[in-house]
Amino acid sequence: MNHSNYIIEQLISAKSIAARVEGLALEISSAFKGTDKLIVIGLLRGSFVFIADVVRELDLPVEVDFLEASSYGNSTESSKEVRILKDLRGEIEGKDVLVVEDIVDTGHTLKHVLKLLGTRSPKRVEVCALLDKPSRREVDIKATWTGFEIPDEFVVGYGIDYAQRNRNLPFIGKVKFND
Ligand code: IMP
Ligand code: MG
């Protein structure tokens with residue numbers, strides 16, 4: 001695929017993603033078996049495709065909510081400053097919660113979000129991240145479930161953007177900059 005100053009190379013196919021989502025959903029369903037309601041929280045915007053696929057495979061009563069936490073700008077570097085741009089609509093006190101994230105990179109976003117959710121006294125909070133870049137981690141945090149570990153590459157597709165573009169690609173691709 002050709003763009004002005006970068007090309008996108010497929011890293012994970014749509015088929016591999018679908019197979020992994022199915023596996024993750026099985027594990028999540030079993031871990032939360034018996035819950036009267038699981039609150040699945042998607043971190044906007046990067047998780048919107050992933051959460052849509054995950055919830056449709058869950059064998060549990062589910063409620064879906066969204067939170068937008070942002071590092072800023074159209075940059076490829078994640079910021080260490082995390083702001084809440086859009087809060088949840090619902091309460092999570094005493095509830096089982098699953099946070100769905102696209103990528104855990106430095107870990108700052110997830111750490112901040114988990115700290116915030118923790119102040120609201122949920123019964124239990126677990127995290128499902130589609131991608132993990134362990135080599136980029138700056139804070140000690142790990143998702144309960146991870147779809148794929150990837151090297152330190154800038155990726156797009158399946159909900160994930162570069163400067164708000166390429167979220168609609170059905171696969172995960174790595175961005176290769178020309179210079
Ligand atoms: P962290 O706070 O550094 O862990 O950043 C996590 C967020 O940075 C993710 O939710 C993404 O929105 C963004 N991000 C990290 N790596 C990439 C990437 O390779 N492509 C696009 N967005 C990324
Ligand atoms: Mg994000």
Side-chain angles (χ1 to χ4, degrees), residues 11-12 16-17 20-21 23-33 35 38-51 53-55 58 60 64-88 90-162 167 172-175:
L11 190 64
I12 308 169
S16 306
I17 298 168
R20 189 67 188 112
V21 165
L24 289 168
L26 273 175
E27 289 182 39
I28 295 164
S29 296
S30 129
F32 284 104
K33 196 174 172 174
T35 185
L38 178 66
I39 315 286
V40 184
I41 299 176
L43 302 191
L44 292 172
R45 285 172 258 179
S47 73
F48 82 103
V49 175
F50 184 42
I51 192 177
D53 282 348
V54 168
V55 293
L58 290 180
L60 295 168
V64 175
D65 206 339
F66 293 97
L67 183 74
E68 185 168 17
S70 192
S71 38
Y72 59 86
N74 291 335
S75 159
T76 57
E77 282 293 318
S78 304
S79 161
K80 289 172 196 180
E81 255 179 71
V82 180
R83 290 172 298 151
I84 299 300
L85 301 182
K86 184 191 170 297
D87 206 341
L88 300 174
E91 306 284 328
I92 59 166
E93 190 178 343
K95 302 290 185 196
D96 287 314
V97 171
L98 176 71
V99 174
V100 175
E101 171 64 311
D102 55 353
I103 308 179
V104 184
D105 186 36
T106 63
H108 289 287
T109 305
L110 189 56
K111 189 178 179 189
H112 185 90
V113 166
L114 292 178
K115 194 173 154 199
L116 172 75
L117 297 179
T119 64
R120 300 179 184 180
S121 312
K123 181 171 155 207
R124 174 180 177 191
V125 181
E126 306 291 350
V127 178
C128 179
L130 175 64
L131 303 174
D132 189 1
K133 295 186 197 172
S135 68
R136 293 260 308 160
R137 201 72 89 255
E138 290 175 10
V139 293
D140 186 23
I141 204 150
K142 204 172 190 311
T144 321
W145 298 281
T146 297
F148 303 89
E149 277 195 6
I150 59 168
D152 182 10
E153 302 273 6
F154 196 82
V155 296
V156 292
Y158 196 68
I160 300 162
D161 75 302
Y162 170 47
R167 292 191 195 275
I172 308 262
K174 62 178 171 188
V175 174

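When every heavy atom of Gly147 is checked against every heavy atom of Leu24, the shortest pair comes out as CA-CD1, 3.9 Å. Between Val97 and Phe32, the shortest heavy-atom distance links the atoms O-CZ, 3.8 Å.
From Lys123, atom NZ reaches atom CD1 of Ile92 across 13.5 Å, with rounding to the nearest 0.5 Å. The distance from atom CG of Leu116 to atom CD1 of Ile84, rounded to the nearest 0.5 Å, is 5.0 Å. The CD1 atom of Ile103 lies 7.0 Å from the CD1 atom of Ile172; values are rounded to the nearest 0.5 Å. Separation of atoms OG (Ser47) and CG (Asp53) is listed at 11.5 Å; rounding is to 0.5 Å. To the nearest 0.5 Å, atoms CZ (Phe148) and CG (Leu11) are separated by 9.5 Å. Between the NZ atom in Lys86 and the OG atom in Ser70 there is a gap of 13.5 Å [rounded to 0.5 Å].
Note: Tyr162 and Phe154 have perpendicular aromatic rings, judged against thresholds of 30 and 60 degrees for the angle between ring planes.
Remark: the backbone N or O of Asp105 is paired with a side-chain donor or acceptor of Arg137 at under 3.5 angstrom. At distances below 3.5 Å, not a single donor-acceptor pair connects side-chain atoms of Asp96 with backbone N or O atoms of Thr35.
Counting heavy atoms from C-beta outward, Val127 and Leu114 have side chains that approach closer than 4.5 Å. Side-chain contact between Ile12 and Val155 is absent, with no heavy-atom pair separated by less than 4.5 Å. Looking only at side-chain heavy atoms (C-beta outward), Thr109 and Glu101 come within less than 4.5 Å of each other. Residues Leu131 and Ile160 have side chains in contact (heavy-atom distance under 4.5 Å, counting atoms from C-beta outward). Proximity of Phe50 to Asp102: side-chain heavy atoms (C-beta onward) are nowhere separated by under 4.5 Å. You'll find the side chain of Leu130 stays beyond 4.5 Å of the side chain of Arg20, heavy atoms only.
Phe66 pairs with exactly one of Leu43, Ile51, Ile41 by the side-chain contact (heavy atoms from CB on, under 4.5 Å) rule, that one being Ile51. When the options Leu67, Val40, Val125 are evaluated for a side-chain contact (heavy atoms from CB on, under 4.5 Å) with Val99, the one that passes is Val125.
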Worksheet item: Would Arg120 and Asp87 count as a salt bridge (Lys or Arg N to Asp or Glu O under 4.0 Å) if you check the C-alpha gap in whole Å, the side-chain angles of each, and the deciding distance to 0.1 Å?
Response: CA-CA 12 Å; Arg120 300 179 184 180; Asp87 206 341; 2.7 Å; yes

Worksheet entry | Stepwise side chain to side chain contact (heavy atoms under 4.5 Å, CB included) check, Leu88 with Leu117 | CA-CA 10 Å; Leu88 300 174; Leu117 297 179; 3.9 Å; yes

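Within 6.0 Å of the CD atom in Glu91, the count of heavy atoms belonging to other residues, nucleotides or ligands does not exceed 12. Around atom CG of Asp152, more than 12 heavy atoms belonging to other residues, nucleotides or ligands sit under 6.0 Å away.
In this structure, Ser29 has no side-chain hydrogen bond (donor to acceptor under 3.5 Å, both in side chains) partners at least two apart in sequence or on a different chain.
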